[in-house]
Amino acid sequence: MKRVSPLFLVLLVLGFFFATYNLLTMIIHYKTSTSEQWDFSNPFIQMPGNLMEGEGSNSKYHVALTATDAPYSQWQCRIMYYWYKKVKEMPGSDMGKFTRILHSGKPDNLMEEIPTFVVDPLPEGLDRGYIVLNRPWAFVQWLEKAMIDEEYILMAEPDHVFVNPLPNLARGKHPAGFPFFYIKPSDHKHVIRKYYPGEKGPVTNIDPIGNSPVIIKKSVLEKIAPTWMNISLRMKDDPVTDKEFGWVLEMYAYAVASALHDVHHILHKDFMLQPPWDTEVGKKFIIHYTYGCDYNLKGELTYGKIGEWRFDKRSYLSGPPPRNLSLPPPGVPESVVKLVKMVNEATEDIPNWDTLNRG
């Protein structure tokens with residue numbers, strides 16, 4: 001085995017430090033931000049004004065996620081695909097086929113386990129260490145080259161777990177998206193106007209979303225995707241924009257690209273929950289485990305401080321979590337307990353779990 005450069009390890013640690021710092025900064029305002037912006041008594045937070053009441057779609061959608069061949073990405077994809085297969089045939093599901101869009105440029109050791117389409121990464125150095133910039137480029141290639149039977153596409157991510165059967169939430173040409181509390185185009189007008197000119201209308205035309213989770217008509221995504229890619233690259237190339245948006249830059253790029261094409265999303269707050277901040281599963285459809293879950297043995301959240309009990313995907317950068325993770329202590333919210341139980345079920349049933357993805 002090759003020795004890992006000490007400089008590489010230092011850069012890796014620094015990268016995760018700053019990512020965690022940014023997450024923590026945003027989380028401080030989570031509870032107040034969500035309650036101030038939207039009425040959570042209705043699953044539809046916002047619907048486009050020209051959407052006819054009762055207009056809907058029961059068409060199947062293709063589940064697609066972008067991924068790399070790194071062990072950290074692989075184990076998340078395996079869990080995600082496991083729960084896709086479990087939920088796909090349940091009543092109420094409109095799931096079609098599944099594709100992992102692998103933007104590492106070459107096949108990996110999951111090709112036989114997970115339906116995969118290999119695409120090229122961005123040219124070396126173009127992403128400037130921001131690997132998420134490969135996502136729009138991966139979708140552009142996949143849409144151009146792959147045979148996709150379904151009329152709609154769900155853009156998902158490796159750290160998504162399907163917890164309830166997911167119907168097609170899109171309505172005709174109007175995609176369905178999830179409103180992120182930290183995507184606030186109106187708070188960044190001075191930057192947004194570089195990419196969304198005044199003649200297109202007010203900045204409020206831009207939805208508070210990222211590209212995932214989104215259910216969108218394939219023909220609509222084919223129009224948006226190249227613009228999404230180009231704006232992502234322009235934003236990353238602009239120091240002011242890069243500093244302003246940080247690790248959510250690509251999310252803003254998708255939101256702006258959609259608005260430039262006059263595409264407005266139905267904002268659906270039940271699309272996804274994010275433990276530990278969302279405490280109940282209820283009728284929500286996807287668990288997104290992007291945040292670390294840290295608790296003391298009394299079941300009290302200790303976010304920002306490593307808990308006596310914890311589950312954090314970033315604890316498993318070089319290989320998969322072990323089977324049979326310990327369950328949270330009494331008092332921890334249902335959403336966290338459910339997540340760990342689902343991870344445990346998947347890792348117990350997936351063959352070669354402990355060996356296939358070990359870095």
Side-chain angles (χ1 to χ4, degrees), residues 16-17 19-35 40 71-87 90 156-166 178 180-182 213 269-350 353-354 357-358:
F16 275 93
F17 169 79
T20 303
Y21 175 81
N22 288 334
L23 277 171
L24 184 56
T25 301
M26 292 190 306
I27 285 304
I28 292 172
H29 304 287
Y30 178 79
K31 293 298 183 180
T32 55
S33 297
T34 50
S35 61
F40 279 89
Y72 178 65
S73 177
Q74 287 184 321
W75 69 256
Q76 293 174 55
C77 289
R78 298 183 82 191
I79 292 174
M80 199 271 199
Y81 184 58
Y82 173 89
W83 284 105
Y84 155 81
K85 291 188 293 182
K86 294 272 287 189
V87 172
M90 291 183 179
E157 297 183 12
D159 59 354
H160 287 177
V161 173
F162 294 107
V163 69
N164 280 312
L166 176 58
F178 176 79
F180 288 90
F181 72 92
Y182 49 80
K269 63 99 176 176
D270 280 346
F271 208 151
M272 187 169 74
L273 68 147
Q274 303 185 95
W277 312 108
D278 298 309
T279 58
E280 297 179 356
V281 174
K283 296 181 179 180
K284 296 180 176 65
F285 301 109
I286 295 171
I287 294 179
H288 182 210
Y289 56 97
T290 190
Y291 300 112
C293 299
D294 287 276
Y295 292 86
N296 61 28
L297 297 183
K298 298 178 181 179
E300 298 168 335
L301 184 65
T302 63
Y303 200 86
K305 177 183 177 182
I306 295 178
E308 296 172 279
W309 180 93
R310 77 178 329 223
F311 176 75
D312 187 340
K313 66 177 185 177
R314 295 167 189 82
S315 299
Y316 308 103
L317 295 175
S318 61
R323 286 174 163 151
N324 196 28
L325 294 170
S326 63
L327 293 179
V332 170
E334 171 208 9
S335 62
V336 179
V337 176
K338 181 71 172 178
L339 169 61
V340 177
K341 287 183 176 180
M342 293 181 77
V343 169
N344 280 346
E345 178 180 329
T347 60
E348 179 64 29
D349 291 350
I350 295 173
W353 175 258
D354 292 319
N357 302 112
R358 182 64 62 182

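Everything numeric here is computed off the predicted structure, so don't read it as measured data.
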*Do any pairs count as a side chain to side chain donor-acceptor pair (under 3.5 Å) and have a residue in residues 331-345, sequence neighbours left out, and if so which ones?*
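The answer is Y82-E345, K86-E345.
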*asked:* For W353 versus P321, what's the shortest heavy-atom pair and its separation?
replied: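 Result for this residue pair: NE1-O, 2.7 Å.
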_Closest non-hydrogen atom pair, G299 against V332_ =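 That would be CA-CG2, 3.9 Å.
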When rounded to the nearest 0.5 angstrom, what is the spacing between [atom1] in [X] and [atom2] in [Y]?
X	Y	atom1	atom2	value
E308	L297	CD	CG	3.5 Å
Q274	F181	CD	CZ	7.5 Å
F311	Y316	CZ	OH	6.5 Å
D354	T347	CG	OG1	8.0 Å
L317	W75	CG	CH2	9.0 Å
D349	R323	CG	CZ	8.5 Å

_In the structure I gave you, are the side-chain heavy atoms of C293 and P276 within less than 4.5 Å of one another anywhere?_
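The answer is yes, as the side chains (C-beta and beyond) meet within the 4.5 Å cut-off.
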*Looking at side-chain heavy atoms only, is the closest gap between F178 and I286 below 4.5 Å?*
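The answer is no; the side chains never approach within 4.5 Å.
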_Suppose we screen for side-chain hydrogen bond (donor to acceptor under 3.5 Å, both in side chains). Which residues come up paired with W309, at least two apart in sequence or across chains?_
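Counting only residues at least two positions away or on another chain, W309 forms a side-chain hydrogen bond (donor to acceptor under 3.5 Å, both in side chains) with S326.
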*Tell me, please, which residues at least two apart from T302 pass side-chain hydrogen bond (donor to acceptor under 3.5 Å, both in side chains).*
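Testing T302 for side-chain hydrogen bond (donor to acceptor under 3.5 Å, both in side chains), a comparison that skips the adjacent residues, returns none.
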*For I306, all residues meeting side-chain contact (heavy atoms from CB on, under 4.5 Å), sequence neighbours excluded*: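 I306: side-chain contact (heavy atoms from CB on, under 4.5 Å) contacts with D294, R310.
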*Is there a side chain to side chain contact (heavy atoms under 4.5 Å, CB included) between V340 and Y289 once you walk through the steps?*
CA-CA 10 Å; V340 177; Y289 56 97; over 6 Å; no
Please tabulate, one pair per line, all N/O donor-acceptor pairs under 3.5 Å involving side-chain atoms of residues 157-166, not counting sequence neighbours.
from	atom 1	to	atom 2	distance (Å)
E157	OE2	R135	NH1	3.4
D159	OD1	H288	NE2	3.3
D159	OD2	H288	NE2	3.2
D159	OD2	K313	NZ	2.6
H160	ND1	E157	N	3.3
N164	ND2	G282	O	3.2
N164	ND2	K284	O	2.7

*Name all residues meeting the ring-ring contact (aromatic ring centres under 6.0 Å, His included) criterion together with Y84; count only those two or more places apart in sequence or in a different chain, and write none if there are none.*
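For Y84 the ring-ring contact (aromatic ring centres under 6.0 Å, His included) partners, ignoring immediate neighbours, are Y81, F98.
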